[in-house]
Amino acid sequence: MPVSAASAEPGTDRARNREQRVRAWLRVIARTVYVPRAAEEISAFLNTQLDVLNAAISAPELDPDVGAAVGAALVDFGLTGEDTLQHSVSLLVEEMLGVGASGDRVARLSAALSCGYSDALRRRTLAQQETMKLALLTAKQRADRDRRASENRFREVFDHAAIGIAITDPDGRVVQANPALAEIMACDAAELTGRALGDFIAAEEADQPPLVGLLDRRPDRRLVERANGETAWVYVATSVVREAGEPIYQVAMVQDLSEQELLQGRLNHQLLHDSLTGLANRVHFLSRLETAHGQCSPADTLTLLCLDLDAFGLLNRTHGHAVGDRMLRVAAERLKRAFADEDAVVARVGGDEFAVLVRDQPETPDLAALAAAVQSELGEPIYHGAAGIAVGATIGVVRAGPGRLSSVELFRAAESALRRARAVGPRQWAEHDDRLDKRDRVVGQAATALPGAWETGELAVAYVPVARLSDQRVIRARALPHAPGVRRMTGMPSVPELAEMTGLSAALGPWLLDDAGSRLPVWWRLFAPVVGADRPVHRVLLTALQSADEDLAARVNATVAASGLPPGLLEIGLDTAAVLGGRGDAQDNLRTLSDIGVATALHGFAGTPREIAAVERFGVRSVLLADPFDGWRPDWLPAGSVPVAAVRDVVARLAGMGVEVGVLGVRDAAEARWWADAGAATGEGPAFGEPAGFDDVVAAAK
């Protein structure tokens, strides 16, 4: 009967020995294998296996399968170190023999444990190998699948790419070419095999390396010669494929630039040419002008014509824009025909504006002949239905050498001449005049500088005294915009006239009226003792644009309300031409101002029957004569001369209608006496004082 370890030991000693054996086994395991488990979990497992072994060794009949199960359990638990089995069996044998177990049983149980351990370890190893084999097979299959997919993708890209692709050997000869490259080179792909791409290059630039050798190159623009003899621009980019650091082949990508070149050419043409007529546009023309100017010798001259078509807007409005476009195309062709025998550039520089640059030759006609040739060509009608339509041209022309005018000045001079011709009328031409151009530039500079002067406060409201001619006493003041810095010269327009050129006068009108509201009470206190309490004491003369302003009546009402005085103290003079021409609301303004009691006036008055009738119809209270003697002093003219008699007659007729006649620009006391004798009531000008500030005029009037 085998001896049980459990029965051989008292209870307390048995528990202590069990704990010692488990600790000893833990130490064996710790020395031989790493188990990623907590010590408590390992101890519990070992206690369980010891219980199983104790039960087996103490059983009446020894079952070796129990030892095999314990060995398999050790493997499943991960106790598979190199020496774990050996040390574990030694410990267990020693322990089982130490508690009096039969040596035969211990040997059989230990052998079964070792066999179970080995068998379980073998099965696990085979399972791991199978798993690894499956993983390797799966990886190989995936790699093969990815390789085939990569090859298919490459083949798809290679065969269907829009860019030509060639694979070349180390000598630069084509090994394989795709259909796109064959199409670019106008041949079959098979014909490219064995040839070098460099053979197709039509011309090498000096700074371009030849397409020879295995080198990585950035995209390079090259001209190639196709198999059919045509040439085309392409981009060529190459990259080298290396293996173990050594180049094995080169991939060249070739992009056809034919369509881009064609599109670029069209864009360049559109950039430099007019789309409707095909002529050079303004940018291109100025470039050609600058080039021609720079190529001229000091003895050479250039002729430049700027012209616009007469009544072109009328033609568009009457017959439609399609006919207008047709006329522009016809005019372009006829201008080219007119200068076909000259070294000339014809351009469309605006809507209906054209320019012609001629490099003068000994046989080039004079300016009058050139202008006549243009008119002759353009004057031939074209037919729209049964109507024969023709246009003339207004022409400005300049002929000068490079030493006289720069290219910019040459073009500006021709445009200046065109403006003077346009002022004369349709189908006129004018040659550039240095003196007139200088004056126009001075006037233009003064006019365009006014908005800035107004913004910065340099443009101010000034006042000129208005005198009663009978005794030359000041009886009212006229407000006007004044720019002290504006250069004055003979014939220079006044500030209101300059403002009218740019449209600034539309803003200056309300500005003058707002000022009048605050000044009117001062003028009334100053002048009422001289002229009476109900006579006008403040005068504002409006330009044509201001006279036509639809808000004029409302602004005048606001001015009168701000002053707190009767409206009859304010004299508003409207432009005679604007009223008679029915410009904007000029006539309605004149009626409305008369209705609200403002002292209405007309300035720029010439005394024609139509003007006199307007004075009567609109109830005008005063008129200011335009210069009836064209700058001549009336007191120097013979008393019986026709102009003097005519002026005296007009003044008398107006006075008989109860209308006050005023005169502007009275030079001195002698001229003032002449006008008083002629029947004029008021006057202003140098005889009574130049424009001055408010305080200065008040002080002088006192």
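The chain is numbered in sequence order, starting from 1. Everything numeric here is computed off the predicted structure, so don't read it as measured data.
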Do NZ/NE/NH1/NH2 and the carboxylate oxygens of [X] and [Y] come within less than 4.0 Å?
{"X": "E660", "Y": "R535", "answer": "yes"}
{"X": "R282", "Y": "E415", "answer": "yes"}
{"X": "R539", "Y": "E684", "answer": "yes"}
{"X": "D668", "Y": "R673", "answer": "no"}
{"X": "D437", "Y": "R412", "answer": "yes"}

Handout entry: NZ or CZ of R468 within 45° of W675 ring axis and under 6.0 Å
Key = no

Problem - Stacked cation flag R591 on F618, 6.0 angstrom / 45 deg - result: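 Not flagged: R591 not positioned over aromatic ring of F618.
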
Quick one: do the [X] and [Y] side chains pair a donor with an acceptor below 3.5 Å?
{"X": "Y463", "Y": "D515", "result": "yes"}
{"X": "N589", "Y": "T592", "result": "no"}
{"X": "E500", "Y": "S505", "result": "yes"}
{"X": "R359", "Y": "Q295", "result": "yes"}

Quick check: does any side chain N or O of [X] sit under 3.5 Å from a backbone N or O of [Y], one acting as donor and the other as acceptor?
{"X": "H293", "Y": "V408", "result": "no"}
{"X": "S287", "Y": "V283", "result": "no"}
{"X": "E455", "Y": "P451", "result": "no"}
{"X": "R348", "Y": "G351", "result": "yes"}
{"X": "E616", "Y": "A613", "result": "no"}
{"X": "D514", "Y": "W511", "result": "no"}
{"X": "D433", "Y": "L436", "result": "yes"}
{"X": "R478", "Y": "H538", "result": "no"}

Indicate yes or no: at least one non-hydrogen side-chain atom of [X] is less than 4.5 angstrom from one of [Y].
{"X": "E571", "Y": "R476", "answer": "yes"}
{"X": "V443", "Y": "L498", "answer": "yes"}
{"X": "F411", "Y": "L357", "answer": "no"}
{"X": "L418", "Y": "R422", "answer": "yes"}
{"X": "L410", "Y": "V398", "answer": "yes"}
{"X": "I395", "Y": "F354", "answer": "no"}
{"X": "I612", "Y": "T608", "answer": "no"}
{"X": "F285", "Y": "L279", "answer": "no"}

Exercise for the section: Would you please name every residue forming a salt bridge (Lys or Arg N to Asp or Glu O under 4.0 Å) with D366, sequence neighbours left out? Expected result: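 Residues passing salt bridge (Lys or Arg N to Asp or Glu O under 4.0 Å) with D366: none at all.
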
Completion exercise
Taken in chain and number order and not counting sequence neighbours, the residues that satisfy salt bridge (Lys or Arg N to Asp or Glu O under 4.0 Å) with D696 are none

Problem - Residue from V579, T600, L602 passing side-chain contact (heavy atoms from CB on, under 4.5 Å) with V615 - result: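 The option that passes is L602.
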
Handout entry: V661, V623, V663, V659 screened by side-chain contact (heavy atoms from CB on, under 4.5 Å) with V651, the one that passes
Key = V661

Is the number of heavy atoms from other residues, nucleotides or ligands under 6.0 Å of [X] [atom1] greater than 12?
{"X": "R617", "atom1": "CZ", "value": "yes"}
{"X": "W524", "atom1": "CH2", "value": "no"}
{"X": "R441", "atom1": "CZ", "value": "no"}

Distance from [X] atom [atom1] to [Y] atom [atom2], nearest 0.5 Å?
{"X": "T364", "Y": "L302", "atom1": "OG1", "atom2": "CG", "value": "10.5 Å"}
{"X": "D434", "Y": "L405", "atom1": "CG", "atom2": "CG", "value": "6.5 Å"}
{"X": "T543", "Y": "L480", "atom1": "OG1", "atom2": "CG", "value": "12.5 Å"}
{"X": "I572", "Y": "L590", "atom1": "CD1", "atom2": "CG", "value": "11.5 Å"}
{"X": "H321", "Y": "L315", "atom1": "NE2", "atom2": "CG", "value": "10.5 Å"}
{"X": "S406", "Y": "E290", "atom1": "OG", "atom2": "CD", "value": "9.5 Å"}

Handout entry: Aromatic ring proximity W636/F629, centre distance under 6.0 Å
Key =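 Not close enough - the centres of the two rings lie 6.0 Å or further apart.
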
Exercise for the section: Kindly determine whether E431 and W429 satisfy side-chain contact (heavy atoms from CB on, under 4.5 Å), including the steps that lead there. Expected result: CA-CA 7 Å; E431 184 179 359; W429 74 277; 4.1 Å; yes

Problem - Set of side-chain contact (heavy atoms from CB on, under 4.5 Å) partners for D310, sequence neighbours left out - result: D308, T394, P426, R427

Problem - CA sep, side-chain torsions, deciding dist, call: T301, R399, side-chain hydrogen bond (donor to acceptor under 3.5 Å, both in side chains) - result: CA-CA 7 Å; T301 60; R399 174 170 285 172; 4.8 Å; no

Search all heavy atoms of [X] against all heavy atoms of [Y] and return the closest pair with its distance.
{"X": "Q472", "Y": "A669", "value": "NE2-O, 3.5 Å"}
{"X": "P638", "Y": "S641", "value": "O-OG, 2.9 Å"}
{"X": "A390", "Y": "G379", "value": "CB-O, 3.4 Å"}
{"X": "H482", "Y": "L459", "value": "O-CD1, 3.4 Å"}
{"X": "L552", "Y": "Q546", "value": "CD2-O, 4.1 Å"}
{"X": "A548", "Y": "G584", "value": "CB-CA, 3.9 Å"}

Exercise for the section: Output, in order, the C-alpha distance, side-chain angles, deciding distance and verdict of side-chain hydrogen bond (donor to acceptor under 3.5 Å, both in side chains) for D274 and T277. Expected result: CA-CA 6 Å; D274 174 55; T277 63; 2.6 Å; yes

Practice task
Before giving the answer on side-chain contact (heavy atoms from CB on, under 4.5 Å), spell out for L378 and L309 the whole-Å C-alpha distance, their side-chain angles and the decisive distance to 0.1 Å.
Solution key: CA-CA 9 Å; L378 295 179; L309 303 183; 4.1 Å; yes

Exercise for the section: For side-chain contact (heavy atoms from CB on, under 4.5 Å), just list the numbers for E353 and L307, CA-CA rounded to whole Å, side-chain angles, deciding distance to a tenth of an Å, and then say yes or no. Expected result: CA-CA 6 Å; E353 298 177 9; L307 57 103; over 6 Å; no

